[in-house]
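Heads up: numbering here begins at 1 and tracks the sequence.
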Amino acid sequence: MAIDMNVFRGFAEQIKMLPQMAQPTDCPDGERVSRAKAVFREKLDRSKATYLESCVHCGLCAEACQFYIQTEDPKLTPIHKLDLLTRFYRREMAPMRFVYRLFEPDITAEDLEETQHLVYDSCTECGRCGVACPMGIDIASMVNVTRQGLAEAGLIPAGLRAVEQEQGSRGTVFGVGPEQLRGAVEALRAKGLDVPIDKDKADILVLSSTIDILLFKDVFEATVKVMNHLGVDWTIHSCAFEGANFGMLSGYEEVQRSASERITSQAIQLGAKVVIVPECGHAYPALRWEGANEHGEPLPFEVMAISEFLGREVAEGRLHLEPIGRKKHVTYHDPCKVGRHGGVFKEPRAVLDALDLRRTEMPKNRLNNFCCGGGAGLFVMEGATEMRNAAFDLKRMQVEETGAESIVTACGSCRVNLMAGADRTQWPMPVESLVELVGSHLKKPAD
Ligand code: SF4
Ligand code: SF4
C-alpha cells in the first residue's frame with residue numbers, strides 16, 4: 001500500500017529535530033585525542049595494518065565512490081578518508097615509526113574534528129571502493145574503525161548521537177520500545193491476525209525495526225502474514241525486537257554490544273534456530289558478524305535477512321505466491337550491507353521472479369550497485385544532506401535507465417532515503433518493500 005506522504009514528511013521533520021535532543025559530550029582536547037588513539041591502537045590488528053601498508057595509489061577507489069563521482073572533490077577519495085588512521089599507524093605502530101615521526105605530525109583535536117565530515121557525512125560504508133581496489137583494501141571497515149575512535153572521543157555527529165544515546169540509555173529507538181511494539185501487535189490482532197509475541201520457546205525469532213513500527217506499518221503486517229502463511233514456529237519478543245543498531249552506526253562499541261547481546265541472549269533463551277533480520281540493511285552485519293564478535297563465539301543460531309529467508313522459502317517450494325503479471329515493471333535496489341557485504345543477491349530476485357513481474361537491472365547492480373546515499377546512519381545526519389542528495393541523483397539516473405515504474409528494495413533506510421530524494425526532486429517513482437509485495441500476494445491455501 002502506498003504510504004501517506006504527509007506521514008512520511010512528518011517523520012522526516014522529526015529526524016531534523018534530532019540534533020536538539022543530543023546530550024553534549026564535553027571533553028578536553030587532550031583527552032579526546034588520547035581516547036581516539038587508544039581505540040585506534042586496540043583496533044589496528046595485523047590485517048588492518050596490512051591494509052594501511054598496501055595502497056599503491058592507483059585511484060580506482062575514487063572512481064567507485066558515489067560521493068567522489070558526484071563532486072569530484074579529491075578530499076572525498078576513499079583512501080583519503082583513512083588519512084588520520086594512517087598517520088596514527090605510521091607514527092605509533094609501523095615498523096618504521098621512528099622515521100615517520102620525523103615528518104608525520106602528531107594527531108590533534110582539530111584533526112579529529114576535520115575527520116568527522118569524511119567518515120560520517122561522506123561515507124556510507126557501502127564497500128564499493130573495496131570491491132574496486134586491486135589490493136583488496138577494505139576501506140569501509142577502516143572508516144568504521146575511525147568512527148569508533150571519534151565516538152570514544154565524543155565526536156559523533158549530533159543527530160546520530162541523539163539516537164545512539166537513546167538506544168544506549170533506554171533501549172528504545174525514536175521512542176519505540178516494548179509498549180509501542182505491543183500497540184502495533186494489538187492493531188494487527190484487531191485486524192484478525194495472529195501475532196505470537198513473547199513466547200517462551202520458538203524455532204524462529206523475528207526482529208523488526210522502529211521504521212516498520214512507526215512508518216512502514218504495512219511491512220510489519222506483511223512480515224506477520226508471511227510467517228503465519230508458512231506455518232512455522234515463530235515469535236517476536238518485546239524485549240529484543242529492534243534490529244537497528246545505532247551503536248554500530250555511530251562507532252560507539254558499548255551500545256553496539258548491548259544492542260546485539262540483547263538479541264543474542266533472547267534467541268538463546270528461546271532455543272531459536274534462526275533469527276530473521278527485518279528490512280534494515282545494517283541490522284544484518286550488526287548481528288551476523290559484529291554480533292558474533294561481541295558474543296565471543298559462533299552464534300548458536302542462523303542469522304538471515306528477511307529477503308534471504310523469503311528467497312530460500314521460494315526456492316524450497318514452501319512459499320507460494322500469486323503472480324502479479326508482466327505489466328508491473330520494477331528494478332531491484334540491493335541494500336549494500338545485505339548485498340555487497342552479505343552476498344544476498346539471488347534470493348530477492350528469486351522472490352520477484354516468483355511474483356512473475358517484469359524486472360530490469362540497473363546498469364550498476366549487485367556487487368557494483370550504487371548505495372542509496374543514506375546508509376551507515378547518513379539518513380539521520382544533519383551534515384550529510386548535500387552528500388545524500390548527490391548520491392540520490394546518481395541513483396535516480398541508474399533507475400531511469402531501466403525504464404522501470406517502481407523500485408523495490410529490502411531496507412527501510414534505503415526506502416526512506418530514496419523516497420526523500422524522490423519527494424525533493426518531485427520524481428513520481430514508488431519505492432516498495434519486497435516483504436510487503438510478498439505479504440500482499442500470498443497464495444491462498446485452497447489454490
Ligand atoms: S565505503 Fe562507499 S561511500 Fe565510503 S568511501 Fe567507499 S565507496 Fe565511498
Ligand atoms: S583502489 Fe586501493 S590501492 Fe588504489 S588508491 Fe584506492 S585504496 Fe589505494
Side-chain angles (χ1 to χ4, degrees), residues 18-19 21-28 30-45 48 84-85 88 109 112-113 115-116 119-120 123 125 140-178 207 209-210 237 239-268 275 277 280 282-297 299 303 337 375-378 380-381:
L18 287 172
M21 295 155 71
Q23 298 300 312
T25 48
D26 297 330
C27 183
E31 177 70 17
R32 284 196 203 280
V33 172
S34 57
R35 283 191 196 179
K37 281 184 173 182
V39 172
F40 295 160
R41 193 170 287 111
E42 183 200 333
K43 299 292 172 185
L44 284 178
D45 56 20
K48 290 191 169 61
L84 184 81
L85 204 56
F88 168 82
L112 297 180
E113 280 167 30
T115 303
Q116 254 190 329
V119 298
Y120 283 108
C123 180
E125 299 181 8
S141 72
M142 306 293 276
V143 163
N144 194 259
V145 169
T146 312
R147 281 191 180 196
Q148 288 179 322
L150 296 191
E152 200 57 44
L155 292 171
I156 302 168
L160 184 57
R161 188 166 79 236
V163 194
E164 170 267 304
Q165 288 171 336
E166 182 197 344
Q167 192 167 24
S169 60
R170 296 201 292 278
T172 60
V173 175
F174 298 139
V176 173
L207 308 181
S209 85
T210 289
H237 211 283
C239 295
F241 69 91
E242 182 59 72
N245 189 323
F246 280 84
M248 188 177 99
L249 296 180
S250 65
Y252 197 42
E253 203 174 8
E254 199 179 310
V255 174
Q256 175 180 338
R257 187 180 305 118
S258 67
S260 63
E261 266 301 306
R262 184 189 293 241
I263 296 168
T264 300
S265 55
Q266 189 62 57
I268 291 171
V275 175
V277 174
C280 174
H282 81 271
Y284 186 58
L287 187 63
R288 186 168 168 194
W289 297 292
E290 300 301 330
N293 286 341
E294 301 295 354
H295 191 59
E297 55 185 83
L299 298 174
V303 177
K337 305 293 191 296
L378 264 74
V380 296
M381 288 183 213

### Task
Apply side chain to side chain contact (heavy atoms under 4.5 Å, CB included) to Asp26 and list each qualifying residue two or more places apart in sequence or on a separate chain.
Pro24

### Pairing residues for Lys37 by the salt bridge (Lys or Arg N to Asp or Glu O under 4.0 Å) criterion, not counting sequence neighbours
Glu92, Asp106

### Message
Quick check: closest heavy atoms across Met381 and Pro157, and the distance to 0.1 Å?
### Response
SD-CG, 4.2 Å

## Note on the structure
Nearest heavy-atom approach of Val33 to Ala109 is CG2-N, 3.4 Å

### Message
Going by the rule salt bridge (Lys or Arg N to Asp or Glu O under 4.0 Å), which residues pair with Glu294 if we only count those two or more places apart in sequence or in a different chain?
### Response
Arg257

### Message
Between Glu125 and Arg147, does the side-chain contact (heavy atoms from CB on, under 4.5 Å) criterion hold? Intermediate values first, please.
### Response
CA-CA 11 Å; Glu125 299 181 8; Arg147 281 191 180 196; 3.3 Å; yes

### Message
List the residues meeting ring-ring contact (aromatic ring centres under 6.0 Å, His included) with Tyr252, not counting sequence neighbours, and say none if there are none.
### Response
none

### Message
With side-chain contact (heavy atoms from CB on, under 4.5 Å) as the criterion, how do Lys43 and Asn144 come out once you've worked through the C-alpha distance, each side chain's angles and the decisive distance to 0.1 Å?
### Response
CA-CA 10 Å; Lys43 299 292 172 185; Asn144 194 259; over 6 Å; no

#### Entry: Heavy-atom side-chain proximity of Leu287 to Leu207 below 4.5 angstrom
yes

#### Entry: Pairwise distance CD1(Ile263) to NE2(His295) - rounded to 0.5 angstrom
13.0 Å

### Message
Test of understanding: with side-chain hydrogen bond (donor to acceptor under 3.5 Å, both in side chains), list the residues that count as partners of Ser34, not counting sequence neighbours.
### Response
none

### Query
When rounded to the nearest 0.5 angstrom, what is the spacing between CG in Leu299 and CD1 in Ile268?
7.5 Å

### Query
Taking only residues two or more places apart in sequence, or in another chain, which ones meet His237 in a side-chain hydrogen bond (donor to acceptor under 3.5 Å, both in side chains)?
Asp198, Gln266

### Task
Hey, could you give me each pair passing salt bridge (Lys or Arg N to Asp or Glu O under 4.0 Å) that has a residue in residues 152-178? Not counting sequence neighbours.
none

### Task
Side-chain contact test, heavy atoms from C-beta onward, threshold under 4.5 Å: evaluate it for Glu242 versus Gln167 and give yes or no.
yes

### Query
Which residues satisfy the side chain to side chain contact (heavy atoms under 4.5 Å, CB included) test with Glu290, sequence neighbours excluded?
Met248, Gln256, Asn293

### Task
Hey, could you give me the CE/SG distance between Met142 and Cys123, rounded to the nearest 0.5 Å?
12.5 Å

### Message
Quick check: do Thr210 and Phe246 have side-chain heavy atoms less than 4.5 Å from each other?
### Response
no

### Query
Which heavy atom of Ala36 sits nearest a heavy atom of Leu112, and at what distance?
CB-CD2, 3.9 Å

### Query
Between Gly243 and Ala283, which heavy-atom pair has the shortest distance, and what is it?
O-CB, 3.1 Å

### Message
To check you understand the geometry: which heavy-atom pair defines the closest contact between Leu84 and Thr146, and what is its length?
### Response
CD2-CG2, 4.3 Å

### Message
Give me the atom names and distance for the closest heavy-atom approach of Cys280 to Val277.
### Response
O-CG1, 4.1 Å

### Summary
Those residues at least two apart in sequence (or on a different chain) that pass side-chain hydrogen bond (donor to acceptor under 3.5 Å, both in side chains) with Gln116 are none

### Arg32: salt bridge (Lys or Arg N to Asp or Glu O under 4.0 Å) partners, not counting sequence neighbours
none

### Task
Would you check if the side chain of Thr25 reaches a backbone N or O of Gly154 as a donor-acceptor pair within less than 3.5 Å?
yes

### Sequence-distant partners of Glu31, salt bridge (Lys or Arg N to Asp or Glu O under 4.0 Å), two or more places apart
Arg35

### Side-chain heavy atoms of Trp289 within contact of Val303, under 4.5 Å
no

### Query
Phe88: what forms a ring-ring contact (aromatic ring centres under 6.0 Å, His included) with it, not counting sequence neighbours?
Phe40

### Message
Using side-chain heavy atoms (C-beta onward) and a distance below 4.5 Å, is Leu85 in contact with Leu44?
### Response
yes

### Query
Could you give the distance from OH (Tyr284) to CG (Asn245), rounded to the nearest 0.5 Å?
16.0 Å

### Message
Return the OG to CG distance between Ser250 and Leu155, rounded to the nearest 0.5 Å.
### Response
12.0 Å

